[in-house]
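What's counted below: heavy atoms across the whole structure, side chains too, no hydrogens, waters or symmetry copies. Index from 1, following the sequence.
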Amino acid sequence: MNSAHPPAQPPAQPAPLLPARAQSGSLRLRFLLAVMLWVMLGIGSIWFSATRVFTSHVEQQFHDELNVHVLELARLTEIAPDGQPRLIRPLSDPRYEVPLSGYYWQVNAASGAVLRSASMTRGDLDDEVAHSHTIAHHVEEGPTGPVIAYGLARPDGKGGEVHFVIATDQEELDRVVRHFTRELTLALLLLGLLLLATGFAIIRYGLKPLNRLGEAVARLRQGQAVQLEGVYPSEIAPLAEDLNDYIRQNAEMIARARVQAANLAHSLRTPLAVVTDEAERLAEGDKAPESARVLLDQARMMEQQIEYQLARARSAGARVPGSTSTLPDLLVPILSAMKRLHPDVQFILRNELGGERLVQADPVDLSELLSILLDNGGKWAASAVTVTVDEQGGHVRVTVDDDGPGMDDSQIARAFEVGTRFDPEKPGTGLGLPIARDVCEALGATLELSRTAKGLRARVVV
């Protein structure tokens, strides 16, 4: 059986290489800025909320205290028969007895007599706030500045009213709030610095694997290692593995290219020596016809080797990361070309995938592989070639069946040898199946030949 190489296809144009973008800043700095922003927002929110809550709480405490004291003042005050007000005993808070302490009280009797706390050594309080039988308050000027005043009016039993006023300096409330705000600000600043330091430590620790990866790349560049070394977290390990696969593929590609170049040189050395020798004989003797035949045969051998080695070189980089092909769509233009190339043979496509499938294979190389198998089947088929695309075990299979004479086991064993031709009358060079085998190896696919009841079967598993 003959295996033939299909007409050469123009090589696919490689995608244009995009220039690497310039560095856009430090990743560590980005994380640090993000942490700083988050800490500032968090600390600021805590400071604002805490000061508001504390101020409201202290104000309420002051108001409750003054409310109690004005009721206490009213309970302890009695009016003498001459209309003079006096206290049964001092108020429970001793600050009302300290001169200008900021805590004051005043009692205005209906007779016009006024009784003031010992702390009021100057000035007086406005009793306008005390013109109601319910407790009222407002802010007014006092002996030492603005005060929070509470007032209450009670009948004196003689048809008049006694006005009770108690007050505390606004500064007392402001001082407590300022003291709390200052301490809170210092505490939150310290907390913010600790959070920033912790964030920086976490960022530094978290980016250590990237630093190790950069050091491994540097060792690779300097020739101190053959692959990326080290153990990396699960988020980075796939990247390191992909890079190692890429490095390994490049190394294998270079190794194959060197071997192929050596093979090509070795395979051409003997035919060239024969051609040189025969050329010398032609120059010396009269055996031109026989020598010409020998030259022609050797030239064909050189052409055969050149075609084979060049085909192998084309498939050397077939496993390019990211290259995909769609089946069975890829087969449609190939089958159309085969119908024109073999008009007496019917080509049948059976899609048992239930749709389309993406396979990890370069479309140009996969097209070349399938073209070889279909062209080979078309040459030997009696009437039909059937192409079946199905799936098994997570892999896509392409099966090419022809109804030709097929091969026996010994022929199948020799089918992948370079230059093997089982029928010299059939056109071809004997390179098709060897090239198909090499393309399959480059793609990571498998190619099997087997005899069927009707002919030969070639199956590719991608």
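Taking the ring centre of Phe48 as origin, the terminal cationic atom of Arg52 falls inside the region bounded by 6.0 Å and 45° from the ring axis.
The shortest side-chain heavy-atom distance between Tyr96 and Ser101 does not fall under the 4.5 Å cut-off. For the pair Val177/Asp174, no side-chain contact is recorded, criterion being any heavy-atom separation below 4.5 Å from C-beta on. Between Tyr104 and Ile166, every side-chain heavy-atom pair lies at or beyond the 4.5 Å cut-off. Put simply, the side chain of Leu349 reaches to within 4.5 Å of the side chain of Val389, judged on heavy atoms. Here the side chains of Pro363 and Leu330 are in contact, with some heavy-atom distance below 4.5 Å. Within the 4.5 Å cutoff, the side chain of Glu183 has no heavy atoms near those of the Arg178 side chain. The side-chain heavy atoms of Ser367 and Ile334, taken from C-beta on, include a pair separated by under 4.5 Å. Here the side chains of Val35 and Ile202 are not in contact, with every heavy-atom distance at 4.5 Å or above.
A salt bridge does not link Glu391 to Arg397: none of the charged nitrogens lies less than 4.0 Å from a carboxylate oxygen. By the 4.0 Å N-to-carboxylate-O rule, Glu172 lies close enough to Arg175 to be salt-bridged with it.
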ask   = Going through the distances and angles, do Trp380 and Leu456 end up as a side chain to side chain contact (heavy atoms under 4.5 Å, CB included)?
value = CA-CA 9 Å; Trp380 289 92; Leu456 184 71; over 6 Å; no

request  = Would you check, one step at a time, whether the test side-chain hydrogen bond (donor to acceptor under 3.5 Å, both in side chains) holds for Asp245 with Gln249?
outcome  = CA-CA 6 Å; Asp245 287 342; Gln249 289 174 14; 5.9 Å; no

ask   = After noting the C-alpha distance and the side-chain angles of Leu369 and Cys440, does the key distance pass the side chain to side chain contact (heavy atoms under 4.5 Å, CB included) rule?
value = CA-CA 7 Å; Leu369 169 61; Cys440 273; 3.4 Å; yes

ask   = Passes ring-ring contact (aromatic ring centres under 6.0 Å, His included), His69 versus Tyr103? Steps please.
value = CA-CA 11 Å; His69 286 166; Tyr103 291 81; 7.8 Å; no

task = Walk me through it: do Val387 and Leu374 pass the test side chain to side chain contact (heavy atoms under 4.5 Å, CB included)?
result = CA-CA 8 Å; Val387 185; Leu374 288 169; 3.2 Å; yes

message = Applying side chain to side chain contact (heavy atoms under 4.5 Å, CB included) to Asp64 and Leu66, what does each step give before you reach the verdict?
response = CA-CA 6 Å; Asp64 290 343; Leu66 292 175; over 6 Å; no

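Side-chain contact check for Arg350 and Thr388: no donor-acceptor pair (N or O, by modelled atom type) lies under 3.5 Å. For the 3.5 Å distance criterion, the side chains of Asp403 and Ser383 qualify, holding a donor opposite an acceptor.
Contact between Thr51 and Thr55 at its shortest, heavy atoms only, is O-OG1, 2.7 Å. Annotation for Leu184 and Ala50: closest pair CD2-CB, 3.5 Å, computed over non-hydrogen atoms. The shortest heavy-atom contact between Ala361 and Val462 is CB-CG1, 4.3 Å. Closest heavy-atom contact between Ser325 and Leu366: CB-CD2, 3.8 Å. Between Tyr205 and Pro209, the shortest heavy-atom distance links the atoms O-CD, 3.8 Å. When all heavy atoms of Ala458 and Leu373 are compared, the closest pair comes out as CB-CD2, 4.1 Å.
When Thr386, Asp401, Asp402, Thr452 are each tested for a side chain to side chain donor-acceptor pair (under 3.5 Å) with Arg457, only one passes: Asp401. Of the residues Leu33, Leu27, Leu29, the one that meets the side chain to side chain contact (heavy atoms under 4.5 Å, CB included) test with Phe31 is Leu27. A side chain to side chain donor-acceptor pair (under 3.5 Å) with Thr399 is found for exactly one of Glu448, Glu352, Arg459, namely Arg459.
Separation of atoms CG (Leu190) and CG (Leu194) is listed at 4.5 Å; rounding is to 0.5 Å. Taking CD1 of Ile247 as the reference point, atom CG of Asp242 lies at 11.0 Å (rounded to 0.5 Å). Atom CD1 of Ile412 sits about 8.0 Å away from atom CZ of Arg451, to the nearest 0.5 Å. The line from CG of Leu189 to CH2 of Trp47 is 11.0 Å long, rounded to the nearest 0.5 Å. Separating the CE atom in Met40 from the CG atom in Leu196 is a distance of 9.0 Å, to the nearest 0.5 Å. Here Ile43 contributes atom CD1 and Leu41 contributes atom CG; the two are 10.5 Å apart, rounded to the nearest 0.5 Å.
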Taking only distance into account, with no hydrogens and no angle test, what donor-acceptor pairs under 3.5 Å do side-chain atoms of residues 338-348 form with protein atoms, sequence neighbours excluded?
{"unit_1": "Arg340", "atom_1": "NH1", "unit_2": "Ser336", "atom_2": "OG", "d": "3.2"}
{"unit_1": "His342", "atom_1": "NE2", "unit_2": "Asp375", "atom_2": "OD1", "d": "2.8"}

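Side chain of Asp169 to main chain of Glu171: no donor-acceptor pair is present (N/O by atom type, distance under 3.5 Å, no hydrogens or angles). With hydrogens and angles ignored, the 3.5 Å screen pairs a side-chain donor or acceptor of Asn351 with a backbone N or O of Gly355. A donor-acceptor pair is defined here as one N or O able to donate and one able to accept, closer than 3.5 Å; such a pair exists between the side chain of Arg212 and the backbone of Val231.
Applying the ring-ring contact (aromatic ring centres under 6.0 Å, His included) test to pairs two or more places apart or on separate chains, those with a residue in residues 170-192 are Phe54-Phe180.
Remark: Asp409 CG is loosely packed, at most 12 non-hydrogen atoms of other residues, nucleotides or ligands lying under 6.0 Å away.
Taking the six-membered ring where the residue is Trp, the centroids of Tyr150 and His63 are separated by under 6.0 Å.
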